[in-house]
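See below for the structure under consideration.
Everything numeric here is computed off the predicted structure, so don't read it as measured data.
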Amino acid sequence: MQQCTEMAGMNPMEKKLAEYKCDTNEAISLKLVRFADDLEDESTTFHPEYSHQLYGDDEVAFGYKGLQIQLYYSAGNLSTLFKVKYSARVTEKFDCVEPDDVEGKIREIIPAGFSCNTDDFTSLLEKETNFKPFGTLLHTYNVHNVEEGEDFTYQIHKVDLSCPGFREYHKRLQTFLMWFIETASFIDVDDDRWDFFLVFEKYNKDGETLFATVGYMTVYNYYVYPDKTRPRVSQMLILPPFQGEGHGAQLLEAVHMFYCNLHKVQDITAEDPSENYVKLRDYVLVKLCQTLPSFSTDKLPLGFSDDMATEAREKFKINKKHARRVYEILRLRVTDMSDETKARDYRLEVKKRLFAPTKNQREMTKMMKCLRPEELASHISQMDTALQQEELEKSYQELLAEYRRVIERLAQA
């Protein structure tokens, strides 16, 4: 309807030019190719969630009809096929109008060495048998595929930049970030404080065992005075064909277990985590902590304790803030919310943290520095107590819903 309204307000020339606009999220087709037949199989195609970093906030390419941007990768080594097709180009009809350089934008992010010819790319698929996962094997697990009626095996590997061929492979892998993480940026791989964790699927092709890339995580090791490090998760992506199968949880748990064995690690955190990452972290950390003595059923109703914070940090490198969330989720699981007294005790315990007087004090201090006296007085007068209570209750209910989803997932597991 909106497009029809916009078209109605255009003059004839503008209407004709509008026909040469393409949604880049729809125009870009991605594939992870195992077999030559996959190239023509639409069911193996997936599309970006985002393309604004290359094609602007409106995610539109101008100058083409029927635009198709094909970015196909071999499943393991991520050898790349890049082709641009279209049914018509604006310069064929309008001499003085230049189309967007859609091909140049892609060339900015994909490393050299890609194929532009399907036959060349198909020949590279035959070399996939030579591809083996990089680094050290940390964990192996199986996922039951209901449609196929069998278990599939996956491996998680810890990798560093000294692994032969990994730098080139990583350049190809990180291109997916642009399409699936809204604020993605490429990292400086020359810094040796980066750790890489990769997930691979084992599969059979003509009687041979091959490996397909499933997803990965990058972690930066920050220095903590005097002799510790704080690994910070920077990027995490499970590729779309594998999403919803539990690989993210397996990866995050494996990473935590890896750092748990390193004495120099203080705790593990994340850089600007998304909502989905926070949900995943809640699930993984609760799963890890639920068997710890300090989080036992009889101790949860007594409140969050120093023992909980200490044990979570020492056993699983979990910081105090995250340990507190773990406690609240586990306490909710053992609390009879139909009992008014128990429900009230739990609600007050959580709201006490949410209200966070120290946080409000910090915000007030900031406002005192930034606002003129009359502006500050106006702001304070607007901080109605009833409104504060309303916002607090809203935050509590949203948190409760998040916690219940974690508890449901734990029950299913």
Side-chain angles (χ1 to χ4, degrees), residues 249 252-253 256 267-270 272-368 379-413:
L252 186 56
E253 184 173 346
H256 264 271
D267 53 40
I268 304 166
T269 184
D272 191 22
S274 66
E275 285 185 23
N276 285 336
Y277 180 84
V278 171
K279 291 174 186 176
L280 180 67
R281 182 174 63 195
D282 282 343
Y283 168 74
V284 170
L285 298 192
V286 170
K287 184 169 175 275
L288 289 172
C289 290
Q290 62 184 346
T291 57
L292 295 179
S294 61
F295 289 89
S296 61
T297 303
D298 59 318
K299 291 179 180 176
L300 290 168
L302 303 178
F304 183 64
S305 66
D306 289 340
D307 286 346
M308 292 176 180
T310 301
E311 193 171 21
R313 186 184 69 251
E314 291 181 350
K315 294 285 186 181
F316 299 119
K317 309 298 184 183
I318 299 170
N319 65 34
K320 188 173 183 178
K321 178 183 175 182
H322 299 157
R324 168 76 194 210
R325 281 181 70 96
V326 168
Y327 150 74
E328 290 177 1
I329 295 168
L330 287 174
R331 180 166 173 179
L332 176 61
R333 188 168 71 170
V334 302
T335 299
D336 180 2
M337 296 299 278
S338 65
D339 183 312
E340 287 188 17
T341 302
K342 291 178 180 177
R344 178 179 176 276
D345 288 346
Y346 179 79
R347 184 174 66 252
L348 292 176
E349 177 78 359
V350 175
K351 283 188 174 182
K352 185 170 64 176
R353 176 183 65 80
L354 289 175
F355 186 69
T358 53
K359 179 184 175 185
N360 290 346
Q361 186 59 49
R362 285 198 299 271
E363 290 177 353
M364 184 64 70
T365 303
K366 282 183 184 177
M367 286 190 290
M368 289 174 69
H379 186 86
I380 293 172
S381 67
Q382 292 170 16
M383 293 172 63
D384 180 76
T385 304
L387 183 61
Q388 284 186 11
Q389 291 297 326
E390 186 181 322
E391 288 298 315
L392 188 59
E393 178 62 21
K394 181 183 175 184
S395 297
Y396 170 72
Q397 292 299 335
E398 289 174 353
L399 199 63
L400 212 58
E402 290 176 21
Y403 287 178
R404 283 178 171 144
R405 280 193 289 270
V406 174
I407 293 167
E408 286 171 12
R409 185 174 178 184
L410 283 165
Q412 290 168 1

Can you spot which of R313, E311, K317 makes a side-chain contact (heavy atoms from CB on, under 4.5 Å) with K315? E311

Verdict with supporting geometry, T341 and R344, side-chain contact (heavy atoms from CB on, under 4.5 Å): CA-CA 5 Å; T341 302; R344 178 179 176 276; 5.8 Å; no

Considering residues, nucleotides and ligands other than E275, do more than 12 of their heavy atoms fall under 6.0 Å from its CD? no

More than 12 foreign heavy atoms under 6.0 Å from CG of D306: is that the case here? no

Could you give me the CA-CA distance, side-chain angles and deciding distance for D298 and S296, then say whether side chain to side chain donor-acceptor pair (under 3.5 Å) is met? CA-CA 6 Å; D298 59 318; S296 61; 2.6 Å; yes

Beyond-backbone contact of L285 with F316, side-chain heavy atoms, under 4.5 angstrom: no

Side chains of I318 and M308, heavy atoms from C-beta outward: is any pair under 4.5 Å? no

Output, in order, the C-alpha distance, side-chain angles, deciding distance and verdict of side-chain contact (heavy atoms from CB on, under 4.5 Å) for R333 and Q290. CA-CA 11 Å; R333 188 168 71 170; Q290 62 184 346; 3.1 Å; yes

All heavy atoms of A323 vs all of F295, minimum pair found to be O-CE2, 4.1 Å

Regarding E349 and R324, does a basic nitrogen lie under 4.0 Å from an acidic carboxylate oxygen? yes

Trace of the side-chain contact (heavy atoms from CB on, under 4.5 Å) decision for R331 with D345: CA-CA 11 Å; R331 180 166 173 179; D345 288 346; 3.9 Å; yes

Please test M337 against L332 for side-chain contact (heavy atoms from CB on, under 4.5 Å), starting from the C-alpha separation and ending with a verdict. CA-CA 8 Å; M337 296 299 278; L332 176 61; 3.9 Å; yes

Run through L399, V286, V406 and flag the one making a side-chain contact (heavy atoms from CB on, under 4.5 Å) with R325. L399

Contact between R281 and V278 at the side-chain level, heavy atoms closer than 4.5 Å - yes or no? yes

Give a yes or no on whether the backbone of E328 and the side-chain of Y346 come within a donor-acceptor separation of less than 3.5 Å. yes

Hey, mind stepping through Q397 and E393 against side chain to side chain donor-acceptor pair (under 3.5 Å) and telling me if it holds? CA-CA 6 Å; Q397 292 299 335; E393 178 62 21; 2.7 Å; yes

